[in-house]
Each structure stands twice: as structure tokens, then as C-alpha cells.
Amino acid sequence: MAKINSSSNAIESEISAVAASGSSRTLTVTKAAKDEGFSYKVYADLGTSSDTQSQPTASTVKIFENGVEIGPAHSLHSDIRTLGKGRFSHWSGSLYFSTSDNSDPRTNGRTYTYTIDGTSSVVKPPQVADPVVPVTPPSSSSSAIIGYASVDGKTTGGLGGNTIIATTLAQLKSATESNSPLIIKVSGKITGTGFINVKSNKTILGLSGSSMEGVSLMIYGTSNIIIQNMTIKNVVTYSNIIIKEGAHHIWVDHCDLSSDRNHGWDYYDGLLDVGKRADYISLSWNRLHDSHIPMLIGFGDQNTDDTGHLRTTVYNNYFYNVSERQPSTRFGYMHCFNNYLSNGSGYGIGVTMGATVRTDNNYFENQSVPIYTEYNAKPGYVSGANTNIYKGSGANRISTSASDWVPSYEYKSVLIPAANVPAVVSAGAGATLSI
């Protein structure tokens, strides 16, 4: 794992592990970083091996809250974020943990200690089994959304509506095209062709192991929609997910979107596209792969009426085995942070037609041109290019003066150090929620 950068070293000095009595040590968590949902992240050397992909239970760390052991250890990061209740993971040199009651450890006044030898001087309380009915994940609330989908309004999806399960294309089509608020859980494998219109006030939530092949989700002039944990692949003629015609307050989160690069560039469209005056969009924790053109924001140089729209936040996404558009944007304001762009054969983030893009802590690896402003009729403007890491990549091609634009919403408390982005994002992005 790459070393944490200097800003993380400053955090580590505040969140240091200091010796306490016996084998117990104290975590000073007053400046722990907010990860997502109920999860908080501590950048500190705990003095023992952490879990890795090849050794998922290597760590012997035990965590105690006011002397009472919490857990379980080795939890899935998605469970720490959406369920919490003391779950934690000592992963790749960092500690991801939640408190026993999902409160904020930085302000709840409790003491957190840990041991690394697998022993405990306190008695662990009886474990209470999770309820049979799954806890509703943050897909039906706005609490975990970061960025534009929570600006000038809220994105709550089908919150307050009935919950239904769709196992066929006909059932899914009927539910998404309903005028009523609904939480739609997609189960099994659904195949077909064409697209489904998604009406307003919907949450579309892929259950574990579900997928959709050949069918696009089209968000056409509607609003307040959440799409989460969906696997969508091999859609011909349309993009896997399309957001257009003034659609607004849309959140696409933890989805796996793909096609292939074996066909020509014109066989498939993109994977996740935003245009035609769409606005207030957040795209997070998605895995976009095996595509020439995965993400486009702004469909054409001629769409000047997109000016003042297309406000989009793109964060914690994993792009790999792609050619370009990671993403490409025109006209609007876009915020890209903590994205992992790996092995793209063309450009990474494209900024054209007067668009303004803020970049924070992205990790470009083996990208021919990481940030590019010159390929359409007019260039755009870039701020924060010096916060990114460029590994094995060519030089940026930015022809305009550096912008000083920063989005107005709060996001710095959830920034991941750029050096940690590959490990964190590759582990957490995609349809990884246990639902």
C-alpha cells in the first residue's frame, strides 16, 4: 500500500495509538475521518498486520468502547456503513469502524481502546442477532448522499412508498413507470432490450446477486430518484443509465455498469450519461468498466442551453478497462473527487465548452492524458489539479488558467487521501451492498 500523504500524517499524529495499561491501547478519535454512512476511518499504525484481499481475517485487533468490546471484526465495509452498531474492519493499514449506537465517535465523549494480541481484559456482552428483516439501507433516505443531489432540495427516492420486489422485466417496467412513490427491489437476472422509463419518486435497489442485461434505465424529465446496487450490462443503442431532459435530484450509487471493448466504438453507447439540462446529480461508488466511453455529462457542443445546468458530483467511482470519458463534460459545473481511474487508453477527465470542474484527490494510473480541455470546440476550466496523484500517466493538457472554484457544499470531511484511493475505492465500489 502506498504511504499516506503529509495531510494524512497530520491526522495520524492526532489519531495516534498510545500505550495504556497492560496490552490495551487508546485510540484518540477526535479527528477521525468520516467515511460514509455510519463508518469512520482512522489512519493510524495499530502495530499489527491488517486484513487484505488475500488474508481477509489476518488482523487480531479488538476494539472496546468504554471498556466493552464491540464488533464483529472483519466486517464488510458496506455493512459498517449501512448497519454500523460496532462493526469494524482493520483493512490495508487503516481502521474503519462504527460505534455501538451509530453515534459520532468524535463527539460522543466515549473512550475507545484496542488490543492487538487477541486478548481481552473485559467480558464481551452477549451478541444480539441481526433482525430477520434487513435494516433499510441508506438508499431510501438522503442521509448518505454527498454533493449536488442534496443541494436546493432533497433526494429521497421512494421513501414513504410501498416496497415491492421485481423478478421480471414486466414487473420492473410496471413499477418504475408507476406514478406512485415506490421502493423497488430487483431480484434475480432480468434480460431484454430497449429501455425502461423511470418516473419520479422511485428507489430502484438491486438485491445481492441481481443483474439486468440489455435494458437501459432512462430518467427522462423526472426527479427524486435513487438507483443503487444495480448491475447493468451490455445495453445496445442506449446508455445503461441515461439522465436527461431536465431530470433533477438523482443519485446513482454502488452500481456495476459495463459493456465490452471487443465491438467497435459505435456498437454500444455509454454507461452512465447526463445531459439535456439535467441538474443536481450525485454519482457515487460506481464501478464502470469494459467500455470505450463510460461517462458523458453534456451531449453536444450545440447544447448551449445546458449552461447553468448539469451540476454533477462524481465521487468514489472506479473506472477501468475503458478508453476515455472518465468522465467528459461540457457547459456545467462538475465536482470529481476520490475517483480511481485505472489504465485508460485515452484521456481521463475531459473539461470542455466552458465547463468548470473541481478535482480533489483523484488517482490517475496509466492514463495517457489525465485531464484534457482541448478536444471539443472550446476548453473548460479546472481547479484542484494539484491535489490528484498521477501514476505512470502522461501530462495534463489544460490550456486555460487554473480556476479557484470550489463547490459550496461540505465534502472535505469525507475526502480520502489520494494515496489511499485505489485500495478504498476498488474494494468498495460497485454492487457491493449486502441487501
Side-chain angles (χ1 to χ4, degrees), residues 37 75-83 129-142 144-145 155-219 222 224-236 238-243 250-259 271-272 283-290 318 428-435:
S75 290
L76 293 173
H77 291 193
S78 57
D79 287 347
I80 302 171
R81 293 165 180 147
T82 61
L83 303 178
D130 289 335
V132 174
V133 179
V135 176
T136 302
S139 58
S140 57
S141 78
S142 60
I145 305 174
T155 304
T156 58
L159 184 66
N162 291 330
T163 298
I164 66 171
I165 295 178
T167 61
T168 68
L169 180 59
Q171 290 173 345
L172 181 58
K173 185 178 178 68
S174 175
T176 59
E177 295 182 357
S178 165
N179 290 320
S180 301
L182 287 175
I183 297 172
I184 305 161
K185 296 184 177 181
V186 179
S187 177
K189 182 177 180 179
I190 292 176
T191 61
T193 59
F195 62 86
I196 297 172
N197 276 314
V198 183
K199 295 291 187 68
S200 298
N201 308 312
K202 299 292 186 296
T203 294
I204 303 175
L205 180 64
L207 298 178
S208 298
S210 66
S211 67
M212 190 163 74
E213 185 167 359
V215 184
S216 168
L217 294 178
M218 182 174 288
I219 302 170
T222 51
N224 189 31
I225 293 166
I226 295 171
I227 300 175
Q228 190 172 46
N229 217 48
M230 290 289 290
T231 296
I232 307 175
K233 59 185 178 179
N234 298 338
V235 180
V236 178
Y238 307 98
S239 300
N240 296 25
I241 299 174
I242 312 169
I243 305 168
I250 313 296
W251 183 32
V252 180
D253 173 69
H254 276 101
C255 291
D256 189 304
L257 308 174
S258 66
S259 53
L271 302 179
L272 178 52
L283 311 174
S284 61
W285 291 103
N286 299 297
R287 186 178 289 256
L288 301 102
H289 58 100
D290 297 287
Y318 183 20
T432 59
L433 302 181
S434 299
I435 300 170

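Positions are given from 1 along the sequence. Note that these values count all heavy atoms, side chains included, but never hydrogens, waters or copies made by symmetry. These numbers were taken from a predicted model, which means no experiment stands behind them.
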Which heavy atom of [X] sits nearest a heavy atom of [Y], and at what distance?
| X | Y | answer |
| --- | --- | --- |
| Asn229 | Gly206 | ND2-O, 2.9 Å |
| Tyr318 | Ala429 | CB-CB, 4.0 Å |
| Ser210 | Val186 | CB-O, 3.3 Å |
| Ser216 | Tyr238 | CB-CB, 3.8 Å |
| Ser258 | Leu271 | C-CD2, 3.6 Å |

| query | Looking at CG of Leu205 and CE of Met230, how far apart are the two atoms once the value is rounded to the nearest 0.5 Å? | reply |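 Between atom CG of Leu205 and atom CE of Met230 there are 9.0 Å.
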| said: Rounded at 0.5 Å granularity, tell me how far CZ in Phe195 sits from CD1 in Ile242. | reply: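 That separation rounds to 8.0 Å.
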| task | Kindly indicate, with the supporting measurements, whether the criterion side chain to side chain contact (heavy atoms under 4.5 Å, CB included) is fulfilled by Ile184 and Thr203. | result | CA-CA 6 Å; Ile184 305 161; Thr203 294; over 6 Å; no
Are the side chain of [X] and the backbone of [Y] linked by a donor-acceptor contact shorter than 3.5 Å?
| X | Y | answer |
| --- | --- | --- |
| Asp256 | Thr231 | no |
| Ser239 | Leu272 | no |
| Thr222 | Val198 | yes |
| Ser174 | Ala170 | no |
| Thr168 | Gln171 | yes |
| Thr176 | Asn197 | yes |
| Lys202 | Ser180 | yes |
| Asn224 | Ser200 | no |
| Ser259 | Asp290 | yes |
| Asn286 | Cys255 | yes |

| query | Can Ser284 and Asp253 be counted as having a side-chain donor-acceptor contact under 3.5 angstrom? | reply |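 A pair is found: one side chain offers a donor N or O, the other an acceptor, under 3.5 Å apart.
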| field | Neighbour count above 12 (heavy atom, 6.0 Å) for Asn162 CG | value |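 Count not over threshold, so no.
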| said: Test side chain to side chain contact (heavy atoms under 4.5 Å, CB included) on Gln228 and Leu433; report intermediate values, then the result. | reply: CA-CA 9 Å; Gln228 190 172 46; Leu433 302 181; 3.7 Å; yes
| request: Could you go through the side chain to side chain contact (heavy atoms under 4.5 Å, CB included) check for Val215 and Leu169 one step at a time? | output: CA-CA 9 Å; Val215 184; Leu169 180 59; 4.1 Å; yes
| said: Classify the ring geometry of Trp285 against His254: parallel below 30°, tilted from 30° to 60°, perpendicular beyond 60°. | reply: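 Aromatic pair Trp285/His254 classed parallel.
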